Amino acid sequence: MMIDTPLIIGIVFAALLLLLVMEVPVAFALGGSGALGLVLLHSFGYATNVLGSVPFTASASFALTMIPMFILMGTLAVKAGIAEQVFAIAHRAFLKIPGGLGCATVMACAGFAAVSGSSVATAATMSKMAVGEMRKYGYPPHFAAGIVAVAGTLGVMIPPSILLVLYAVLAGESPAQLLAAGIIPGLLSAAAYILYIMSVARRVIRPATEDLASATAAAAIDARTLGGSAKQDRASATAVLAEERPASLRSLPWRGLVNVGILFLIVMGGLYSGIVTPTESAALGALAALAMMAIELRRSGMRSLWQNLTSALREAATSTTSVFAIVIGSTVLSTFFVASRVPQDLAAWVASLDVPAWLIVVILLAALIPMGMALESISILVLIVPLVHPIVTGLGFNGVWFAILVVKLIEIGLVTPPVGVVCFVVSGTTGLPPQTVFRGIGPLVLVELFVVVVLFLFPDLVLFLPSLVAQ
């Protein structure tokens, strides 16, 4: 008996939701529901043929080699202690500003995001250092955790961003242009967070003043004790620890800022100049991060260097396999969508709407928010981009501009309950209940939505830097 296609689509969505509720790994939930749809739509043999070919076709893309390289660069940067060094400098820079500790956390997140490319890595690393110190100096737990969680999402926007690379591969856009397009929106979000923190600091934070030098010192100890690079010799952090008064400029770990600049220059400089391909720039960035880690750990001995290197490689391999598993599972589901003509039917329905084109884009973007409440960010990207990107570009909008808006809304999904993976990372790292973290992100999410509106109304903020990238 033949089953109507709309009914099959409904069954597939129901199966996907059921598997997610049962806490089946996302990759298997996506692939399993897609395979079920192919069996119902065609036959068991057709489904097995797809399952036999998709794992190769979905992952055998040269452009995807950027992802493991960027992930490896981020894990090596963590082992090199770059996050702690940037955090110490940011503290000193915001010494006399209301809410300076929170502002420093945002800037440290932005700086570390420029070398990690991962929101989860940024949030996990910064929450070890920042949340406890903010609480010590009068920040309510929800406010401190909310700052780290939302600022941690800068990792998906500021290059090298794994999501932007994946979007480029899925949509056929230029990876170099997408990475360049993320710079201004990422910095704009960071600035908006800082302005909000400064505006509410005197009302929310209990003490009248903050001893940021002491906070920097304690943060350096915590990071060395809790981080994956424990027992590393942080000479400049020790210099900060030595004094209760504000650290002198000379004693700050400026090499951390230099390292961030070098990695950013290697990645983005190569892309802007056209001297190297995006994949080559990612590989060079990972090689430079390896050299930085070796220099930082040179006094700890070969055993410590080897332990940190193998740990970084294991973490990079784990993250990479997770990303590629989701890509493969999502591709199976996308294959079902194509076979059932969902993209064509969706495009025809959109074309039949008697509404302005900009309103259609708004509706498509707004749909990402509830999706972010239930699905992981990479899953959303792999499912949505093949469906909606052609529609938006067909309406005459710039694909790079739309990509940044999509990733911006996925940023919001990273901290939105019930999934809110970054919030759970902060919760697990700090020991705070998840509901406390979710409580703190509300106002900052509104700030981020305001930034999205600004980028929607003024596309040149997104498109200026991509226009300078060598083609």
Side-chain angles (χ1 to χ4, degrees), residues 26 64 66-68 70-71 73-75 77-78 83 106 108-127 148-171 173 175 177-190 192-193 264 267-268 278 282 319-320 322-323 326-327 330 365 368-369 371-373 375-385 400-416 419-426 441 444-445 447-449 451-452 455 462:
V26 174
L64 288 176
M66 285 183 286
I67 293 178
F70 280 142
I71 292 175
M73 186 177 76
T75 57
V78 171
V106 173
C109 285
F112 187 65
V115 298
S116 73
S118 167
S119 289
V120 171
T122 301
T125 303
M126 297 310 303
S127 60
V148 174
V150 175
T153 63
L154 293 172
V156 303
M157 181 56 59
I158 297 178
S161 164
I162 306 303
L163 285 186
L164 288 177
V165 170
L166 187 55
Y167 193 110
V169 174
L170 293 171
E173 296 286 350
Q177 288 197 336
L178 272 185
L179 289 172
I183 297 175
I184 292 178
L187 295 178
L188 186 62
S189 289
Y193 299 154
F264 194 78
V267 174
M268 297 309 299
S319 299
T320 300
S322 175
V323 170
I326 293 174
V327 168
S330 299
L365 291 171
L368 293 174
I369 297 178
M371 289 189 68
M373 296 179 180
L375 287 176
E376 193 269 341
S377 56
I378 295 177
S379 307
I380 298 173
L381 204 65
V382 178
L383 287 173
I384 289 299
V385 170
V400 172
W401 168 78
F402 181 69
I404 295 300
L405 294 178
V406 169
V407 174
K408 270 287 178 188
L409 288 164
I410 287 178
E411 275 188 34
I412 296 174
L414 287 171
V415 293
T416 306
V419 175
V421 61
V422 170
C423 289
F424 283 103
V425 168
V426 173
I441 57 98
L444 289 164
V445 166
V447 171
E448 182 70 343
L449 286 173
V451 173
V452 172
L455 296 176
V462 175

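Just so it is clear, the structure is predicted and the values come from calculations on it, not from any experiment. Residues take their numbers from the sequence shown, with the count starting at 1.
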Which pair of non-hydrogen atoms, one from A181 and one from V400, has the smallest distance, and what is that distance? CB-CG1, 3.6 Å
So, do L365 and V406 sit near enough that their side-chain heavy atoms are less than 4.5 Å apart? yes
Within this structure, what is the CD1-CZ distance for the pair I183 and F264, rounded to the nearest 0.5 Å? 3.5 Å
Nearest heavy-atom pair of V447 and A192: which atoms, and what distance? CG1-CB, 3.5 Å
Spacing of CD1 belonging to I71 relative to CD1 belonging to I162, to within rounding of 0.5 Å: 4.5 Å
So do the side chains of L405 and W401 get within less than 4.5 Å of each other, counting heavy atoms only? yes
Search all heavy atoms of L164 against all heavy atoms of G182 and return the closest pair with its distance. CD1-CA, 4.3 Å
Here the gap from L368 atom CG to L381 atom CG, rounded to the nearest 0.5 Å, amounts to 9.5 Å
To the nearest 0.5 Å, what is the distance between OG on S161 and CD1 on I404? 8.0 Å
So V156 and I410, do their side chains get closer than 4.5 Å, heavy atoms only? no
Would you say the side chain of L154 lies within less than 4.5 Å of the side chain of L187, judging by non-hydrogen atoms? no
Checking V327, V165, V385 against L170 for side chain to side chain contact (heavy atoms under 4.5 Å, CB included), the one that qualifies is V385
Does a side-chain heavy-atom distance below 4.5 Å link V415 with T153? yes
What is the distance from atom CD1 of I412 to atom CD1 of I369, rounded to the nearest 0.5 Å? 5.5 Å
d(L449 CG, E411 CD) to nearest 0.5 Å is 11.0 Å
L166 and L64, any side-chain heavy atoms less than 4.5 Å apart: yes
Name the one of I67, L163, V382 that satisfies side chain to side chain contact (heavy atoms under 4.5 Å, CB included) with V323? I67
What closest approach, in Å, do C109 and A151 show between heavy atoms, and which atom pair accounts for it? CB-O, 3.6 Å
I'd like to check S189 versus M157 (side-chain heavy atoms, cut-off strictly below 4.5 Å). Are they in contact? no
Determine whether V451 and P185 make a side-chain contact, defined as any pair of heavy atoms from C-beta on separated by less than 4.5 Å. no
